[in-house]
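Only one structure is covered here, and it is reproduced in the block below.
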Amino acid sequence: MIQDAPRSDTTRFDKPYSHRDVEERWYRHWLDRGYFAADGQSTNPKRFSIVIPPPNITGSLHLGHALNNTLQDILVRWKRMQEYNTLWLPGTDHAGIATQNVVERQLKSEGSHREALGREKFIQRIWRWREESGRTIITQLKRLGASCDWNRERFTLDEGLSVAVREVFVRLHQEGLIYRGERLINWCPRCETALSDIEVEHEEIKGTMYYIKYPLADDPDQFLTVATTRPETMLGDTAVAVHPEDPRYNKLIGKKVLLPLTSRTIPVVGDPILVDREFGTGAVKITPGHDFNDEKAGQRHRLGTISLFDHRGRMDPPALSEREAKVLPQLTEQLGYKPVQEARKLIVQWLEQKGCLIKVEDHRHTIGKCYRCKTVVEPYRSPQWFVKVNDPKNSLAAPAIDAVRDGRIRLIPESWKNNYFGWLENIQDWCISRQIWWGHQIPAWYCKRCDENVFKITGTITVIGINAKPIVQIDAPQKCERCGSTDLIQDPDVLDTWFSSALWPFSTLGWPKKTRELEIFYPTSALVTSFDILFFWVARMIMMGLHFMKDVPFRDVYIHALVRDAEGQKMSKSKGNVIDPLAIMEKYGTDALRFTLASMASPGRDIKLSEERIEGYRNFANKIWNAARFLLMNCPSNAKTYLGNPLPDPATLSLADRWILSRLQRVVASVNHQLDDYRFDGASRELYQFLWHEFCDWYLELIKPTLYGTDAAAAKRTRTVAIHVFETVLRLLHPFMPFITEELYQMITPVEGSITVAPFPMENTAWMNEAVEQECESFQRVVEGIREMRGVHGIPFSKKLSVVVRVANPVVEHYLENNRPMITALAGLSALEIGPHVRQPVNAFTGPIIFPGGHAGEVFIPLPDAIYRAKEITKKEKRLKELTAQLALEEKKLSNPDFAAKAPPEILENTKLRRQELRLEHETLSAALQRLREMSGGTA
RNA sequence: GGGCGGAUAGCUCAGCAGGCAGAGCAUCCCGCUUACACCGGGAAGGUCAGGCGUUCAAAUCGCCUUCCGCCUACCA
């Protein structure tokens, strides 16, 4: 049910802004009114769409999410206000391994495990968890103000998305781009599943290099020494390689060596690819079952493969036995089911005992770890499903490269292109099967009768041999097409979560159905994401989008940085330096957090976030709030009466009014341009500067005399302008600070509705006025000159001054004369004399003022105190020195004939003008300094 | 080993289609001027990492060096 718009209680318009009740109140209102809903039937040609990078259901909001979604929300709110048909499609990702890990931990704490439950019950259990806890992050995104179309929220395991996944799988399989293969893959022994190459994190560690003696079979007194960091895998060696051109060893090629601790002999082979003569001993053991390079070498030399470990990374007794590795029986007994680390210790002990360990050295090298659980991964030979990414006849990668190369997709910042190309050009086939239960089960079935002999069942693990013939189709087949048996079994593996995320831009819009949404919103307009998933996600979406939609999934990819702590450290739970965005929002307000993130989102640079920074923008929110208070307090008949009407004729407006309207246009133009360029930082800086330092610091001060004055009509005109400008800025600021802007908008606008759907300001050059800005700047310089004098000498504002301003140029004189009341009020004057030939007061200090256009002026301030005088002399001498240096620089430029000849005329003019200004200031200042020295009678 | 990014005020960062070095925070001084002390006014603070070049002109463009990040690679 739609409720009335919440009312802001203006009687409780407290001095400091309090975000607490405001945020929740307005967010609920926006949802109630359905402002975030995209129009799925619209014919509006202006459309803007973004799909959210789906957060994990296991996640809770961290600053990376906060940044990512703030930026998306800024774009989306901006476009929505520009009357685009705007869709921001939200959702979550089932995060196969991570989610399964969470629930497995729960089971463990209950003394159970997934095998005890069985697949079906276990999955039910995860769904239950998902209903209870898996929506946390969605709630938190709402808290951040995300204006997603929540009615279209998707989940990668939704029925619709699952259909898309099966459709893609089957079609790629038909095209030969998905296949089963048995080879080494990265295996996490803790998660007990395969991982793709990029799910392995590489880390350099201080390890150990072991040098092991391999005696010749013919002549056990001679031996080869091999170096290895993984002695435990030596039991699976099937050869030793040397470089064919290495004179030390090449005569041994073709001979055999006795593999220590076993009863096997293995050949010595020559391999120029594997062996680097310079490294280690120049002799390398080949273990095709446990090393990717050795696997390739093994293929080159047609060597056998021995897999020593089981699926949990433990020594597998059958593999060690007489059948395969032929390990000494006593050692076999000791090694059975020992994990890698323990096995290594045993092997080293045994080698030492047998006199085969020559030496041990420290050695830095990299190891791979599971990106989910940080366990050391094992290369593990097993049958898996792969996507063939770079098939020369039907490549997925090549079109993805082209799309970026020819600009159909823009990466912002562009510097990511090289990374992107580099990765796609060297891409390997993508292992997509995972040996877990939570996810999209692979749509492949096997006939138990035909494939009976290829099933290998170890405990609860069913491994389907590589020779099995899968029936791949979208829905379960009724019977085996070969033998007619109905005894079928579905492939137990599930797909990599990223496989389903790769389809996200179109699966969420209804694909494979041909929906109106796809027509309207695909390709999406922009993708906002962090660089760390450029390969995981972005590249794969581009490949899948191009392959299945025949069009790019998005036009622009805005790649933002990581959020770090104030010291530049990556935030992590273990370091304890995590800033919780929810705590920040609670303390400083969501708007402050959002504005901070936006203002720090400079392309290509990580964000070092500190609380002081956020506090600063909380203060900004307060400043806005108090500007509103001021305006409302000075609008006796309520602000709303001023907004319905058009602006008064410029001719009737005060200088201040025309000035702020002119400045406003500059900001409007700039914010739009900056957002066009994804310069969130530039746009927020612009807004901050204008609102605080121009609107509040100058304009509101300038209009006070009018508001408090006796000319009611003038006051009314000024109120109209002030409210107009303020309301415009609120709309400009809304995408950045949605809550406070809505709260204030509702207070001042007579229109029923919401700022979320109010028009975004567009540049209106009619209000830009150079002359007005010059006039305003002229008297501002006088005010600043006097304020500086006050500041330097510590003269309080309460002490009124009598000031004389000498100005030769009649136009400038006119400007100042026009604004006499402003100068008097803002500089705190008791008297003000302006003119070309004004009398110079006795005992007055003076300061040069250079007006716009290079006109000279001077202010005289009576300060008959010797202490002031000494200070003044020091200060002026310093300034004079600066001026002399700068002037010399400009003179040098201008005296260079090449400069006049080659510099563009505009620069030449500017330089001349600058020289003129410097000369004038120098002249005035020198004279003033001279007078000061005379006044002080040589004592200073 | 390759690749990318960064080095500008005490701190965090803009500025880099060459043309006067900027902001915010922090510091110091003054100020209860009736929107705001989550404030106002002012000041101080810089070898633009270093070097060489291109140019009338370089923080900005090119090359080299140093130091910090990150990505990537099979050196056993």
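So that the names make sense, note that chain A is the first sequence line, chain B the second, and so on, each numbered from 1.
The shortest distance between side-chain heavy atoms of Met737(A) and Ile624(A) falls below 4.5 Å. Asp591(A) is listed as a side-chain neighbour of Tyr17(A), based on a closest heavy-atom distance under 4.5 Å.
Checked for salt-bridge contact, Arg679(A) and Asp677(A) miss the test: no charged N lies under 4.0 Å from a carboxylate O.
The side chain of Ala627(A) lies closest to A35(B), out of U33(B), G41(B), A35(B). Between C38(B), A44(B), A76(B), one nucleotide has an atom nearer to the side chain of Asn622(A) than all others, and that is C38(B). Looking at the side chain of Arg618(A), the nearest of the listed nucleotides C38(B), A76(B), A35(B) is C38(B). The listed nucleotides are C38(B), G31(B), A35(B); the one nearest the side chain of Pro796(A) is G31(B). Closest approach to the Lys623(A) side chain among A35(B), A76(B), G15(B) is made by A35(B) (side chain taken as heavy atoms from C-beta onward). Proximity note for His202(A) (side chain, C-beta onward) versus A35(B), A73(B), A43(B): the nearest is A73(B). The side chain of Phe531(A) lies closest to C70(B), out of G41(B), A76(B), C70(B). The side chain of Glu701(A) lies closest to C36(B), out of C36(B), C30(B), G41(B).
Distance noted for atom P between C74(B) and U66(B): 27 Å (whole Å). A gap of 24 Å separates the P atoms of U55(B) and C16(B), to the nearest Å. Rounded to the nearest Å, the gap between the C1' atom of U33(B) and that of G40(B) is 9 Å. Comparing the P positions of A9(B) and A59(B) gives an interatomic distance of 15 Å, to the nearest angstrom.
In this view, His673(A) satisfies the ring pair (Phe, Tyr, Trp, His ring centres under 6.0 Å) rule with no residue, not counting sequence neighbours. By the salt bridge (Lys or Arg N to Asp or Glu O under 4.0 Å) test, Lys213(A) pairs with no residue at all, sequence neighbours left out. Shown here are the side-chain hydrogen bond (donor to acceptor under 3.5 Å, both in side chains) partners of Asp532(A), two or more places apart in sequence or in another chain: Ser530(A). With sequence neighbours excluded, no residue forms a side-chain hydrogen bond (donor to acceptor under 3.5 Å, both in side chains) with Ser684(A). Under the salt bridge (Lys or Arg N to Asp or Glu O under 4.0 Å) criterion, Glu586(A) pairs with Arg20(A), Arg143(A), sequence neighbours left out. Evaluation of the side-chain contact (heavy atoms from CB on, under 4.5 Å) rule for Gln916(A) yields Leu920(A) as partners, not counting sequence neighbours.
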Could you list all N or O pairs between the protein and nucleotides 66-68 of chain B that sit under 3.5 Å apart?
none

Distances under 3.5 Å between nitrogen or oxygen atoms of protein and nucleotides 23-28 of chain B:
residue : atom : partner   : partner atom : Å
G24(B)  : OP1  : His693(A) : NE2          : 3.1

Do any N or O atoms of the protein come closer than 3.5 Å to N or O atoms of nucleotides 55-61 of chain B, and which pairs are they?
residue : atom : partner   : partner atom : Å
C56(B)  : OP1  : Lys902(A) : NZ           : 2.1
C56(B)  : O2'  : Asn896(A) : ND2          : 2.9

Between the protein and nucleotides 4-7 of chain B, list every N/O to N/O distance that falls short of 3.5 Å.
residue : atom : partner   : partner atom : Å
G5(B)   : O2'  : Gly604(A) : O            : 3.3
G6(B)   : O3'  : Arg605(A) : NH2          : 3.1
A7(B)   : OP1  : Arg605(A) : NH2          : 2.9

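At the heavy-atom level, His19(A) lies nowhere under 4.0 Å from the strands shown. Residue contacts for Arg915(A): at a heavy-atom cut-off of 4.0 Å it reaches no nucleic acid atom on any strand shown. Residue contacts for Asn910(A): at a heavy-atom cut-off of 4.0 Å it reaches no nucleic acid atom on any strand shown. As judged by a 4.0 angstrom heavy-atom cut-off over every strand, Phe292(A) is placed among residues making no nucleic acid contact.
For the pair Ser602(A) and A14(B), the criterion of a side-chain N or O lying under 4.0 Å from OP1 or OP2 is met. Between Tyr708(A) and A35(B) there is a side-chain N or O to OP1 or OP2 distance below 4.0 Å. OP1 or OP2 of A43(B) has not a single side-chain nitrogen or oxygen of Arg879(A) nearer than 4.0 Å. Side-chain nitrogen and oxygen atoms of His793(A) include none within less than 4.0 Å of the OP1 or OP2 phosphate oxygen of A43(B). Considering only side-chain N and O atoms, Lys878(A) lies under 4.0 angstrom from the phosphate OP1 or OP2 of G45(B).
Evaluation of atom-type donor-acceptor distances gives no pair under 3.5 Å for the side chain of Glu278(A) against the base of A76(B). One cannot find a donor-acceptor pair under 3.5 Å joining the base of C36(B) and the side-chain atoms of Arg629(A).
Taking the six-membered ring for Trp and the full ring otherwise, Tyr588(A) and Tyr617(A) have centroids separated by 6.0 Å or more. Between Tyr371(A) and Phe536(A), the distance separating the two ring centers is shorter than 6.0 angstrom.
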So what is the 5' to 3' dot-bracket string for RNA chain B, if pairs are Watson-Crick or G-U wobble with both distances under 3.5 Å, crossing pairs use [ ] and | means the partner sits on another strand? (((((((..((((.....[..)))).(((((.......))))).....(((((..]....))))))))))))....
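The CD-P distance, from Glu203(A) to C70(B), rounds to 12 Å in whole Å. Going from atom CD1 of Ile614(A) over to atom C1' of C38(B) covers 15 Å, rounded to whole Å. The nearest whole Å value for the distance from the CZ atom in Phe630(A) to the C1' atom in G40(B) is 14 Å. Atom-to-atom, NZ of Lys608(A) to C1' of C70(B) comes out at 13 Å; the value is rounded to the nearest Å.
With Phe726(A) as the fixed residue, the side chain to side chain contact (heavy atoms under 4.5 Å, CB included) test singles out one of Phe630(A), Tyr699(A), Phe695(A): Phe695(A). Applying the salt bridge (Lys or Arg N to Asp or Glu O under 4.0 Å) test between Lys369(A) and each of Glu204(A), Glu378(A), Glu203(A), Glu199(A) identifies Glu203(A) as the sole match.
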Pairs under 3.5 angstrom only: tabulate donor-acceptor contacts from the side chains of residues 418-427 of chain A to other protein residues two or more places apart or in another chain.
residue   : atom : partner   : partner atom : Å
Tyr420(A) : OH   : Ala400(A) : O            : 2.8
Glu425(A) : OE2  : Arg405(A) : NH2          : 3.4
Asn426(A) : ND2  : Gly422(A) : O            : 3.0

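Using bins of under 30°, 30° to 60° and over 60° for the plane-to-plane angle, the ring pair Phe279(A)/His363(A) lands in the perpendicular bin. Between Phe680(A) and Tyr558(A), the two ring planes are perpendicular [angle over 60°; tilted spans 30° to 60°].
No donor-acceptor contact under 3.5 angstrom links the side chains of Lys359(A) and Thr225(A), judged on distance only.
A distance-only check finds no donor-acceptor pair linking the side chain of Arg183(A) to the backbone of Glu295(A) [under 3.5 Å].
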